[in-house]
Amino acid sequence: MKVMVVGSGGREQALAWKISRSPKVEKVFCVPGNGGTRPPAENVPIGALEIEKLRDWALAEKIGLVVIGPDDALALGAADVFSSAGIPCFGPKKNAARLESSKSFAKDFMLRHGIPCAKSRVFTDSDEARDYLLQAKYPLVVKADGLALGKGVVIAETPEEALAATGRMMDAKEFGSAGETVVIEEFLRGTECSIHAFIDGSSHLLCPDAKDHKRVGEGDEGPNTGGMGTISPSGAVDETMLARIREEVLDRFVCGLKKDGLDYRGMLFPGLMITENGPVVLEFNCRFGDPETQVLLRRLESDLVEILLATCEGRLSEISPTWSKNAAACIVMASAGYPGSYEKSLPIEGIDLAEASGDTVVFHAGTAWKNGELVTNGGRVLGVTATGETLEDARRKAYAAVNEIHFDGCFCRRDIGGGIL
Ligand SMILES: Nc1ncnc2c1ncn2[C@@H]1O[C@H](COP(=O)(O)OP(=O)(O)O)[C@@H](O)[C@H]1O
Ligand SMILES: [Mg+2]
């Protein structure tokens, strides 16, 4: 079978890497992919949002399975287009992908179906938002309704900060139409963790838990990023908590999909806060996390393609994949200046040495080939991902591999999953 992975980040590289290992697969196409695509995978120069072109190409190439990486492609209805063309597609249809692309839609869904979430109010009028903010309790959280590249959430300690945020979103339209509606919600205390579950429309299959590190600096200092590193397991959830997440989040989610008639065959990745009252959903992501995917797929022992196909065909209840007991750690190496502006086209060295031990895989994110040389091409450049018997073991190996790699101005957080290494 030929498989097409849509997207160009580290997540899609990890998917292509694991899909290539399936005995069912003769060829993987990364569209558009990045500098890390290795045989038997191959890049195809079509943009991830050029959906009609992607469909035509997939039909001509007789692609047997499409996996959509990015949220914006799903929000545009990529899954609808492939399904209408008769191509099996992993990823929810547009109306279900709204669970990620509209935070107010997700809130309504959670309230209707009894899924625990933060108390909130939705505003479409900035004067009404202002009146509310002037008498609300602080801290609170202001969220742009739509997709905002991870920059649409502000934790406000004071009314001034909150008003500045709604001013930027609703009046100055910093995020365009994504900020015309805002969700204002209570600030929750607890430990965050990332849960992933395959959803086939009528059942779910939970993956091991993981933890991202969103802030750019050690000790969770500085601005938010797309994610500076992940570990799995997260250490934040035990069996009792997992059972509650299954029941209070996933069972109710699947039940809600059926009641609302939403067609969802893909990955659900809820951002969760584990509070003293139990799990609370902060948001739904309707696709694999980046860089959570990198650690999860290093721990998956079974054939990913079987799981993807079972998801598309509504057969998840028939399979039970195995996950390694080993821990995994992914350290993101980034360009100087990230998450602000940064230089591109800087030569990258040392990846072969980093992978020499066999326990480490370096997933490319912002990389490209230029005149026969591997160079930087984005803010998050590489996800150095190692496994080990314990988390400490995995972290030690990952950082040893990081130390072999160099490009000008490269940096990483040295505290992913624990103390400074
Ligand atoms: N209600 C909340 N209470 C405390 N922190 C929150 C709350 N909602 C969001 N956050 C913090 O803000 C981050 C981003 O919010 P999230 O809803 O995940 O939006 P997005 O990923 O789209 O930016 C979360 O990872 C969490 O750290
Ligand atoms: Mg989030």
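Note that ligands are numbered from 1 as they come in the structure, with each ligand's atoms numbered from 1 the same way. Only heavy atoms go into these numbers, but all of them, side chains included; no hydrogens, no water, no symmetry mates. Treat the numbers as computed from the prediction; the structure is a model and nothing was measured.
Each of the following atoms of ligand 1 lies closer than 4.0 Å to a heavy atom of G150: 23 (O). With ligand atoms numbered from 1 in the order given, ligand 1 contributes 3 (N), 4 (C) to contacts under 4.0 Å with heavy atoms of F187. For ligand 1, the atoms lying closer than 4.0 Å to a non-hydrogen atom of K143 are 8 (N), 9 (C), 17 (O). Applying the 4.0 Å criterion to heavy atoms of V141 picks out, from ligand 1, the atoms 1 (N), 2 (C), 3 (N), 7 (C), 8 (N). Every atom of ligand 1 is numbered from 1 in the order shown, and the set under 4.0 Å from a heavy atom of E185 is 1 (N), 2 (C), 7 (C), 8 (N).
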Intermediate values then yes/no, side chain to side chain contact (heavy atoms under 4.5 Å, CB included), R315 and D200: CA-CA 7 Å; R315 294 187 285 103; D200 71 359; 5.6 Å; no
Pair Y342-F411, ring-ring contact (aromatic ring centres under 6.0 Å, His included): steps then yes or no: CA-CA 12 Å; Y342 47 82; F411 76 97; over 10 Å; no
Derivation of the side chain to side chain contact (heavy atoms under 4.5 Å, CB included) call for V182 and M170: CA-CA 8 Å; V182 299; M170 303 181 89; 3.7 Å; yes
Evaluation steps, salt bridge (Lys or Arg N to Asp or Glu O under 4.0 Å), between R414 and E218: CA-CA 7 Å; R414 311 277 333 179; E218 277 125 23; 5.8 Å; no
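Of the protein's non-hydrogen atoms, V153 CG2, 3.5 Å is the one closest to atom 15 (O) of ligand 1. Protein heavy atom at the shortest distance from atom 20 (P) of ligand 1 is E283 OE1, 3.5 Å. Among protein heavy atoms, the minimum distance from atom 11 (C) of ligand 1 is reached at I155 CD1, 3.9 Å. Looking from atom 7 (C) of ligand 1 to the surrounding protein, the closest heavy atom is L282 CD2, 3.7 Å. For atom 24 (C) of ligand 1, the closest non-hydrogen atom of the protein is E192 OE1, 3.4 Å.
Of the polar atoms of K103, at least one N or O is found under 3.5 Å from an N or O of ligand 1, judged by distance alone. When only interatomic distances are considered, the shortest N/O to N/O separation between N224 and ligand 1 does not fall below 3.5 Å. In terms of polar-atom proximity, defined here as any N/O pair under 3.5 Å, E186 does make such a contact with ligand 1. Here's the thing with L188: one of its N/O atoms is less than 3.5 angstrom from an N/O atom of ligand 1.
The cationic group of R98 lies under 6.0 Å from the six-membered ring centre of F105 and within 45° of the ring axis, placing it in a cation-pi geometry.
In summary, R265 and D263 engage in a salt bridge, as defined by a charged side-chain N under 4.0 Å from a carboxylate O.
Looking only at side-chain heavy atoms (C-beta outward), S101 and D71 stay at 4.5 Å or farther from each other. Within the 4.5 Å cutoff, side-chain heavy atoms of R380 are placed close to those of D290. Proximity of R287 to L74: side-chain heavy atoms (C-beta onward) are separated by under 4.5 Å at one or more points.
If you run side chain to side chain contact (heavy atoms under 4.5 Å, CB included) between M228 and each of R215, R413, K214, only R413 comes through.
When the Mg ion (ligand 2) is compared with the N/O/S atoms of E283, atom OE2 turns out nearest.
Ligand 1 lies out of reach of G271, whose nearest heavy atom is not under 4.0 Å from it. In this structure, K214 has no heavy atom closer than 4.0 Å to ligand 1.
When non-hydrogen atoms are compared, ligand 1 lies under 4.0 Å from the side chain of M273 (C-beta onward) but not from its backbone.
Around the CD atom of E389, the shell of radius 6.0 Å holds no more than 12 heavy atoms that belong to other residues, nucleotides or ligands.
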